[in-house]
Amino acid sequence: MGVPRLLCRCSSVLAVVGLVLNVAGLCNGGITSSFVRKVEKTIDMPLDSDVFSVPPGYNAPQQVHITQGDHVGEAMIVSWVTVDEPGSDTVLYWSENSKQKKEAKGRVTTYKFYNYTSGYIHHCTIWKLKFNTKYYYEVGNGHTMRTFWFTTPPEVGPDVPYTFGLIGDLGQSFDSNITLNHYEFNPTEGKTVLFVGDLSYADNYPNHDNVRWDTWGRFTERSAAYQPWIWTAGNHEIDFAPEIGETKPFKPYSHRYQVPYKASNSTAPFWYSIKRASAYIIVLSSYSAYGKYTPQYKWLEAELPKVNRSETPWLIVLMHSPWYNSYNYHYMEGETMRVMYEPWFVRYKVDVVFAGHVHAYERSERVSNIAYNVMNGICSPVSDQSAPVYITIGDGGNLEGLATNMTEPQPKYSAFREASFGHAIFDIKNRTHAYYGWHRNQDGYAVEADSLWFFNRFWHPVDDSTSAQS
Ligand SMILES: *[C@@H]1O[C@H](CO)[C@@H](O)[C@H](O)[C@H]1NC(C)=O
Ligand SMILES: *[C@@H]1O[C@H](CO)[C@@H](O)[C@H](O)[C@H]1NC(C)=O
Ligand SMILES: *[C@@H]1O[C@H](CO)[C@@H](O)[C@H](O)[C@H]1NC(C)=O
Ligand SMILES: *[C@@H]1O[C@H](CO)[C@@H](O)[C@H](O)[C@H]1NC(C)=O
Ligand SMILES: *[C@@H]1O[C@H](CO)[C@@H](O)[C@H](O)[C@H]1NC(C)=O
Ligand SMILES: *[C@@H]1O[C@H](CO)[C@@H](O)[C@H](O)[C@H]1NC(C)=O
Ligand SMILES: [Fe+2]
């Protein structure tokens, strides 16, 4: 066992300097961070907080947010809410170098939830944008106008650098505000947020007080109006409350947050894909049927073979409930979906899977657990260089507080875990290299508490002995 032990020691020493050699399966567990966060109560910001203030002016648009509007990044969905009257559905927009304003027409919707009635929720898709271009846009035509801007991604291609932020389970506590600040001030500027589910936590209030959906929309506007947030549905989006007559799952979420699911031939907004720069992003729903023959299953089965790694070398999957999780919270909740889809993730060499749900941070080794067939008893995760790295980033800071209780000893599949709030950055350099870093809220904006170079296994095949650090 001389060699594995040596590799093992390398692994822990290098982890300290932030470069982790993947020797999954050889080591006896990974690293449980020695950083111990001061345990304080996580409380929601009160309704009169500055971050929830309503913009001034009659019928002023509020809760402005954007997301990708098509499959390749030439369209943007702009959403906002007006409260006094429906007002205009039109978005005026123009590119940085042009003075000529163009118009896109949207539509308005409302919904009721128990005794709450929503404002007028507008969604407008702007089509045929130019790649890699800064656009200004205005909403509130005819009444109070507000101006925002965004930059479209570069055209899809294998060597296009692009920087994604990762945020999950954000909520609207004082800690949520700190997480968002750290994301905004991170010197490695994220250009698009991949959000892994659990947005407002309004459902923790009596009757799922949907006023907390509105406050969340106003709180996150400072980022989500200027860069797309790519949405994943979490359990706090279900809002299933038969005790008050609310039996349509995802009602507030799907009225407020639109996604371009039809562009990837999905039949529901809870699972879909987009391409953005050099990445192919597949969003799955832990809370929609995923068994064999279901719409999500059939969609994913047809979807994975479509990913062309010569065009988009980086294949990223987002879901809410993690498959590899060594905290004593939501333990094994992702297990049935893992059983269904993990063989595909290995076959198609998914680079990384980001999940939330567990309110802490964890990164796995490259492992798989796909040999079990009821009779053979082979049911432990094994080192597998074709497998994704699984990252739990459910540490946005919501009012439910941190998950601190971990299973002991740390399982072999777990490379690094820490119970702190934070966010992560996935920084694609080119077709072979991407740099990943996790930032805890207690540190300075530039500090990484965990990091890893990803070597793309399609463009950078390596033999397992010297092994792709990921
Ligand atoms: C909804 O009902 C709750 C109690 O059932 C009450 O406290 C609240 O004020 C009501 N909200 C509205 C908008 O009527
Ligand atoms: C939230 O963070 C912003 C930016 O730092 C700050 O201006 C604001 O006062 C904070 N609000 C609360 C309620 O913590
Ligand atoms: C969706 O289906 C249509 C018709 O089969 C096909 O032309 C198109 O390429 C598909 N789009 C995606 C993104 O798979
Ligand atoms: C995959 O993408 C490359 C680069 O864009 C392109 O040349 C090739 O034709 C694509 N392959 C398929 C099967 O579409
Ligand atoms: C941690 O979780 C385990 C398993 O659920 C439980 O037995 C134990 O009491 C918990 N420990 C603490 C300190 O909560
Ligand atoms: C890809 O990026 C890595 C890291 O920045 C760099 O070392 C490498 O030279 C780049 N490869 C190419 C072909 O530019
Ligand atoms: Fe959750």
Side-chain angles (χ1 to χ4, degrees), residues 42 68-75 131 154-160 167-173 176 195-204 216 231-240 249-250 253 259-268 270-288 295 298-315 318-323 325 327 329-334 337 348 354-362 392-403 421 430-431 456 458-459:
T42 310
Q68 183 163 319
D70 66 353
H71 207 233
V72 297
E74 285 178 296
F131 287 114
E155 187 169 1
V156 172
D159 285 308
V160 188
I167 302 178
D169 304 70
L170 184 58
Q172 46 192 304
S173 75
S176 320
F195 192 87
V196 294
D198 283 1
L199 286 66
S200 74
Y201 288 75
D203 61 345
N204 280 354
W216 197 80
W231 302 110
T232 309
N235 53 305
H236 287 277
E237 277 66 71
I238 303 173
D239 280 311
F240 176 70
F250 302 111
Y253 171 68
V259 299
Y261 67 99
K262 288 180 184 155
S264 54
N265 291 339
S266 166
T267 49
F270 312 115
W271 57 90
Y272 63 99
S273 70
I274 57 165
K275 299 179 197 175
R276 203 163 176 86
S278 43
Y280 200 103
I281 294 152
I282 293 181
V283 178
L284 296 179
S285 174
S286 303
Y287 306 102
S288 305
K298 294 185 81 166
W299 177 82
L300 185 60
E301 185 180 36
E303 178 71 6
L304 284 164
K306 289 182 193 165
V307 182
N308 179 350
R309 304 299 267 277
S310 302
E311 188 194 32
T312 50
W314 298 98
L315 178 52
L318 312 180
M319 61 177 67
H320 187 61
S321 189
W323 292 356
N325 157 36
Y327 287 81
Y329 299 78
H330 307 300
Y331 190 61
M332 284 183 59
E333 278 182 27
M337 192 197 229
Y348 292 100
F354 292 104
H357 203 36
V358 177
H359 301 157
Y361 175 72
E362 184 163 25
T392 302
I393 187 80
D395 54 353
N398 67 74
L399 80 170
E400 292 177 354
L402 277 172
F421 293 135
N430 52 38
R431 76 179 70 192
N456 192 287
F458 185 85
W459 285 103

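Just follow the structure's listing: the first ligand is 1, and inside any ligand the first atom is 1.
For the Fe ion (ligand 7), the set of nearby N, O or S atoms under 2.8 Å includes one belonging to H320. Note on N235: counted as a metal contact of the Fe ion (ligand 7), an N/O/S atom lying under 2.8 Å. Within the coordination shell of the Fe ion (ligand 7), defined by N, O or S atoms under 2.8 Å, H236 is absent. Not a single N/O/S atom of D169, whether from backbone or side chain, sits less than 2.8 Å from the Fe ion (ligand 7).
Between the side chains of S273 and H71, at least one donor-acceptor pair of N or O atoms lies under 3.5 Å. E333 and H320 share no side-chain donor-acceptor pair at under 3.5 Å. A donor-acceptor pair shorter than 3.5 Å cannot be found between the side chains of D395 and Y361. In this structure, a donor-acceptor pair under 3.5 Å is present between the side chains of Y280 and E303.
Its N, O or S atom nearest to the Fe ion (ligand 7) is what matters here, and for H357 that atom is ND1. The atom of D198 nearest to the Fe ion (ligand 7) is OD2, with the search restricted to N, O or S atoms.
The residue from D169, N235, T392, N325 that alone fulfils the side chain to side chain donor-acceptor pair (under 3.5 Å) condition with H357 is N235.
Within ligand 3, the atoms closer than 4.0 Å to a non-hydrogen atom of H71 are 13 (C), numbered from 1 in the order shown.
Contact check for Y348 versus I282: no side-chain heavy atoms found under the 4.5 Å cut-off. Taking the side chain as every heavy atom from C-beta outward, L399 and N204 approach each other to under 4.5 Å.
In terms of N/O distances under 3.5 Å, ligand 3 is approached by K306. On a distance-only criterion, N308 and ligand 4 share at least one N/O pair closer than 3.5 Å.
Of all protein heavy atoms, the one lying nearest to atom 8 (C) of ligand 3 is N265 ND2, 3.8 Å. With hydrogens left out, the protein atom closest to atom 13 (C) of ligand 3 is A263 O, 3.3 Å, a heavy atom.
Counting only heavy atoms, the protein gets under 4.0 Å from atom 2 (O) of ligand 4. Atom 11 (N) of ligand 3 is flagged as protein-proximal [any protein heavy atom, distance under 4.0 Å].
With ring centers used as reference points, F270 lies under 6.0 Å from F250.
Residues I274 and P260 approach most closely at CG2-CG, 4.0 Å, considering heavy atoms.
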